[in-house]
Amino acid sequence: MIKLSEIDLGSALLSIFILIGFIATAFVFIRLTIIGINYIKINYSKEEGVERGEVENKNESKGF
């Protein structure tokens, strides 16, 4: 069994940063998914309102 004192410091740091990178990438994908879902919901509700003849909101948001 490998002792903790025998682990190379560079290898340990590299492994930690790779793990942090995977976590950050997952966070970005989750955030982009939430933004995409909200964007689709907003656009779908606006199209529904136009089809029904309702007045659109005056504060139209463009983009995120």
Side-chain angles (χ1 to χ4, degrees):
M1 185 172 181
I2 299 175
K3 293 182 182 178
L4 189 59
S5 62
E6 293 178 1
I7 296 177
D8 186 22
L9 179 62
S11 176
L13 286 175
L14 181 62
S15 298
I16 290 170
F17 283 117
I18 289 173
L19 180 65
I20 291 171
F22 279 122
I23 292 170
T25 303
F27 179 73
V28 168
F29 279 124
I30 291 169
R31 186 172 171 128
L32 286 175
T33 303
I34 292 170
I35 289 172
I37 290 170
N38 288 336
Y39 185 75
I40 291 170
K41 282 183 182 178
I42 290 170
N43 284 339
Y44 182 70
S45 66
K46 282 184 182 179
E47 288 176 5
E48 253 184 16
V50 171
E51 289 175 2
R52 292 182 186 170
E54 296 176 2
V55 179
E56 289 188 35
N57 294 339
K58 292 184 179 180
N59 57 353
E60 294 181 16
S61 61
K62 299 191 180 201
F64 301 93

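We number each residue from 1, following the sequence as shown.
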Next item on the list: Under the side chain to side chain contact (heavy atoms under 4.5 Å, CB included) rule, collect the residues that match up with Ile23, sequence neighbours excluded.
Entry: Leu19
Within this structure, what is the [atom1]-[atom2] distance for the pair [X] and [Y], rounded to the nearest 0.5 Å?
{"X": "Thr25", "Y": "Phe22", "atom1": "OG1", "atom2": "CZ", "answer": "7.5 Å"}
{"X": "Ile18", "Y": "Leu13", "atom1": "CD1", "atom2": "CG", "answer": "11.0 Å"}
{"X": "Phe27", "Y": "Leu32", "atom1": "CZ", "atom2": "CG", "answer": "10.0 Å"}

Checklist line | Ser11 (side chain) donor-acceptor with Asp8 (main chain) under 3.5 angstrom | finding: no
